[in-house]
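As the structure is a prediction and not an experimental result, all values here were calculated from the model.
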There are 2 protein chains.
Amino acid sequence: MGQVPFDNKKVTEIIAESGVKSFSTASIREIVRLVNMLEKATGQKYVRMEMGVPGLPAEQAGVDAEIEALKKGVASVYPDIEGLQLLKDETSRFIKLFLNLNISSKGCVPSVGSMMGSMAAFLVANRNDRSKEGSLFLDPGFPVQKSQVKMLGHDYTHFDIFEHRGKKLAPKLESFYATGKVSSLVYSNPNNPTWMCLTEEELKIIGDLSRKYDVIVIEDLAYFGMDFRSDYSKPGLPPFQPSIGRYTDDYILLISSSKVFSYAGQRIGMMAISDHLYERSYPDLLRYYSTDKFGHSVVYGALYGLSAGVAHSVQYGLAAILKEANEGRLRFLDEVREYGEKANIMKRLFTENGFFIAYDTDIDKPVADGFYFTIAYPGMTGAELLGKLLHYGISAITLDITGSQRNDGLRACVSHVYRNQFSDLEERLKCFNRDFPVKNQHKN
Amino acid sequence: MGQVPFDNKKVTEIIAESGVKSFSTASIREIVRLVNMLEKATGQKYVRMEMGVPGLPAEQAGVDAEIEALKKGVASVYPDIEGLQLLKDETSRFIKLFLNLNISSKGCVPSVGSMMGSMAAFLVANRNDRSKEGSLFLDPGFPVQKSQVKMLGHDYTHFDIFEHRGKKLAPKLESFYATGKVSSLVYSNPNNPTWMCLTEEELKIIGDLSRKYDVIVIEDLAYFGMDFRSDYSKPGLPPFQPSIGRYTDDYILLISSSKVFSYAGQRIGMMAISDHLYERSYPDLLRYYSTDKFGHSVVYGALYGLSAGVAHSVQYGLAAILKEANEGRLRFLDEVREYGEKANIMKRLFTENGFFIAYDTDIDKPVADGFYFTIAYPGMTGAELLGKLLHYGISAITLDITGSQRNDGLRACVSHVYRNQFSDLEERLKCFNRDFPVKNQHKN
C-alpha cells in the first residue's frame, strides 16, 4: 500500500478536473467517474463504497434457463405482455412462501427492472383520482423514483422518517394524508440508504391510514429478506419478510432480481399487484387509458406502452431462479448474507476510528447489517467528509441526494469492497482519524 | 379443408362469446384472442393476418453472442445506461453504411424495443418548449404511439396522408405546423399498415418545413429497407434507405430489431439521435430534467427513469447482428424478402377474387410488396368485411384503429401465413366472392 493520504495535490487537481462542483449534489454516476479518474491518476485501488451494484455472480439457474430458452428460439417471439405464465405462477408462489401473502398469478407481471415497475405504478396510481396530486415518499430513499414522478409531471412530498419511528409515525403520516392530495405512498424496506427496517407495528399504522385515506402503497422490496437479524430464508416457514400486504388492500410490491439474485444486468423485476387493487375501478383512469380497471391499465396501458414486455429469455431465467428458491433448492439468502457479514466488519472498522453510524437505530435497537450503512464523522458535513476521504482512498456518496434531513452523512455500500481490502480500509481509517483527531469521541 | 364458410352458427356464437363488441374498435390483441377461440371451436386453421409479428427465426449471430455473453457473466452487471460501446459503434456504422448518414456513437442508444424509443422521445421532445402541445402523426399509423402520447398527458393531432402525397404534402403539413403547437412529427417509413413509402421529394418537404417551424422529426424505421422495389441491402453502396436525416438537423431514428432481424422477443431497438439535436439546449427541459441538453435528458433522464437500460446479454446480441450486417456477411434483407414475395402472391389472390387494395399507390406507382398490405371489398365497411371473413377462415384487423380516414379497409400481415396455406386462402376467397358477388368489379 502506498502512502496515506495519497498525493494531496494530485487528488485535488483530479477533483477539479472532473467537473464535480459539489459533493452534496453530485450524482452517484458522477462520483463513480471521479473515482475511476482518481484510481488511474494515483495508481491506487480505492475502497469503493459509492455504487449500489451486486458484487456476486448471477444465479446460475437463471443463466442456464436463459441459454436453454435462446436455443429453443424464443428470441424471435414477442413475449406475452402479461408475462410468461410460468414466471407469473412462480412469483405468486414465491410471495406465498416467503411473504405469506396471497396474490394471484394474474397480478404478478414482469417489468424491465423494478425501475420500470415504479414507473408503471406511478403512471397509473397517480392518475386514478383527479383531485389528488402525486406520491408521498418515506425518506431517505432512492432518488431516481422522485425523478420518475417529476418526469411524469406529477407532484410529490416527502419526509425523513428517522425522527418519526414507531407510534410517532401515525400523526406524521396522517398530517400528509389529511391534505387529501396523496395518491400513493412509496418506501423501500429494508431502506436504501440507511438499512432501517419498518416494524410490523409501523406497517400496521401505514396500512390502517392508507385504507382510511384511500392511498395506494408501493412497497419496494429491492433488498428482499436482507434484514439478516431474522431468518426469512425458509420457504413456507415463519418468520416471513414483513410487508404492507398484511395491513391494507390496495398495494403493489416491487420485487427486484438485481440484488437478491445478483441479476441486475438482465433488467427484470416483478410487480405484484394485490388482487383487490388489480380489479378495482377508478373512473378517472379513463382520462389516460381505455379502461377504468387498475390492473388492466397497468398491463395493457402502462407496461405495454413502456416497452411491450420484458426480454423473452430473461423471463425464463427469472422463472427458473424463483422455482429453485420456492422448492428450497436455492438458498438465495445464504448467498447474499456475505453482504451483512462484511457490513458488520466494516462498521466496526469505521466506529473504531472516530466515525459513527448516522442512522444508527431501528427505534430502539441497532440497525441490521446489510447492503448499505450510513456513516458520519464529528464536526464535518457529508460533503466535507467525502471530499477528505477521497484523499485517503475511500469513496461513498453523501446522504443529501437521498432526501435525508441530515447533512452530515454518507451512504456506504459493501458490495464492491472485498475482504482482502479490509486491512487497507483499516489502515486508511487510522490515518484519517490521526489526521483529524476527534476531541470528544461520539458515543455510538 | 373443411366446408367454407365454416359452421356459421358456431362462428357467430364464438364472436358473441368473445366479448368483442365492434370490429372497428377491437384491438389487435382482442382479435388474436377471438381467432384463437374460433380455431379451437371450428377445428380449422385460419389464414391469420391480424398479427404484426415476425414469422422467421431470430438471427443466429445474435443468439450465439447472447449465449456467449451470459456464459461470461454479464447477467450480474448493470449495463451502462448509454449502452454497450460495441453496440453504439456498430449502430453508428450501420447508419453510415445503410442510410449514408453520419450519427456519432454517442447518439446511438439502446432502448427496450422501439416502443421504449418512442416513449423516451416523447418524454423529451414534447417537453422542450412550453408553448407547444405535442406530436403530429402522419396517418395511418401504429396506434400504440398515440396511446403513449395520451398516457403522458400530451396532446396530438394527425391526418391521413393518402390524399396529400407529393407536392400536396407541403400545404397540408404547413397548416398544422403554422399553429406553432407541434413539438414533434411522427411517421413510419415504410408505413404500417399501408406500406406506402415516402419519397425523397416528400422527405425534403418534411425536412424543410420541420426546420422552418423547429419541429423534431421522429422517423420510425421499424421496417428498415423492406421496400423491396429498391435494393438497399449492400453496405456502403447506393441506393440507401430514404431518411429524413438528409433533410433536417433535429431528428431521431428508431431502428427496431424486431422485424428486420426477427429479434422481437428480446425487446431491443436503437434510438439514433442526430448530433445536432443531441447537443442542443432547450431551457424548458429544466422543468423535468436536471439539464437543458436534449441528448443528456434522453439518456440520463428518460431512458434511465424508464428501465435503467436494456438487458445486458441482449445488447451483445444486437451488436453481433449489426457487425455481421455491416461487414456484409449477413444479408439480412435477403432473409426478409420472403415477406415481399408472399405479399405479391397474396395480393393477387385477393384481387382476383373481387377485393381491391385500399391504399394502392405511392403517388403514381403501385405500393411495394412487404410485411403488410391493405384490402377492401366493394360495398362493405372494414368492420363488415372482417365480420364476414371470419366465417371463411380469414382474419385481419380493420384500418379504423390506425387513424385511417377510410372506413372500408383491413390491414393484412403476411408473416404468419405460410405458403402451404395459399391454396386454402385461394379456395376461401373464391367461396367468399361466390357468396358476395360484386356487380362492377373495382378496377385495381
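With respect to chain B, the highest number of heavy-atom pairs below 4.5 Å among A:Ala75, A:Gly305, A:Ser257 belongs to A:Ala75. Counting heavy-atom pairs closer than 4.5 Å to chain B, the top-ranked of the candidates A:Ala120, A:Ser307, A:Ser258, A:Gly269 is A:Ser307. Per-residue heavy-atom pair counts under 4.5 Å with chain B were compared for A:Leu152, A:Val314, A:Val124, and the maximum is reached by A:Leu152. Comparing A:Gly309, A:Gly73, A:Gly113 by heavy-atom pairs within less than 4.5 Å of chain B, the highest count is held by A:Gly309.
Distance check: B:His312 NE2 to A:Tyr263 OH gives 13.0 Å after rounding to the nearest 0.5 Å. In this structure, A:Lys150 NZ and B:Tyr288 OH are separated by 10.0 Å, a value rounded to the nearest 0.5 Å. Rounded to the nearest 0.5 Å, atoms CG (A:Leu306) and OG (B:Ser111) are 12.0 Å apart.
Residue B:Ser76 comes nearest to A:Pro57 through the heavy atom pair CB-C, 4.1 Å, listed as atom of the first residue, atom of the second, then distance. B:Arg267 and A:Tyr78 make their closest contact through NH1-CE2, 3.6 Å (heavy atoms, listed as atom of the first residue, atom of the second, distance). Smallest separation of non-hydrogen atoms from A:Pro79 and B:Ala264: CD-O, 4.3 Å. Heavy atoms only, all atoms of each residue included: B:Ala308 and A:Met115 are closest at CB-CE, 3.7 Å. Heavy-atom minimum distance, A:Ser313 versus B:Glu66: OG-OE1, 4.3 Å.
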Q: Starting from the C-alpha separation in whole Å, work towards a yes-or-no answer on side-chain contact (heavy atoms from CB on, under 4.5 Å) for A:Gln266 and B:Leu70.
A: CA-CA 10 Å; A:Gln266 297 298 79; B:Leu70 284 165; 3.6 Å; yes
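Residue A:Ile268: no heavy atom, backbone or side chain, is found under 4.5 Å from chain B. For a residue to count as touching a neighbouring chain, one of its non-hydrogen atoms must lie under 4.5 Å from one of that chain's; by this rule A:Leu123 touches chain B with the side chain only. Contacts between A:Met116 and chain B at a heavy-atom distance below 4.5 Å involve backbone atoms as well as side-chain atoms. With a 4.5 Å cut-off on non-hydrogen atoms, A:Val310 touches chain B through its backbone but not through its side chain. Looking at A:Arg287, only its backbone comes within 4.5 Å of chain B, counting heavy atoms on both sides. Residue A:Lys146: no heavy atom, backbone or side chain, is found under 4.5 Å from chain B.
Both cation-pi conditions hold for A:Arg29 and B:Tyr304: the charged atom is under 6.0 angstrom from the six-membered ring centre and inside a 45 degree cone around its axis.
Residue A:Lys106 qualifies as open at atom NZ: its count of foreign heavy atoms under 6.0 Å is 12 or below.
Between A:Val77 and B:Val53 there is no side-chain heavy-atom pair separated by less than 4.5 Å.
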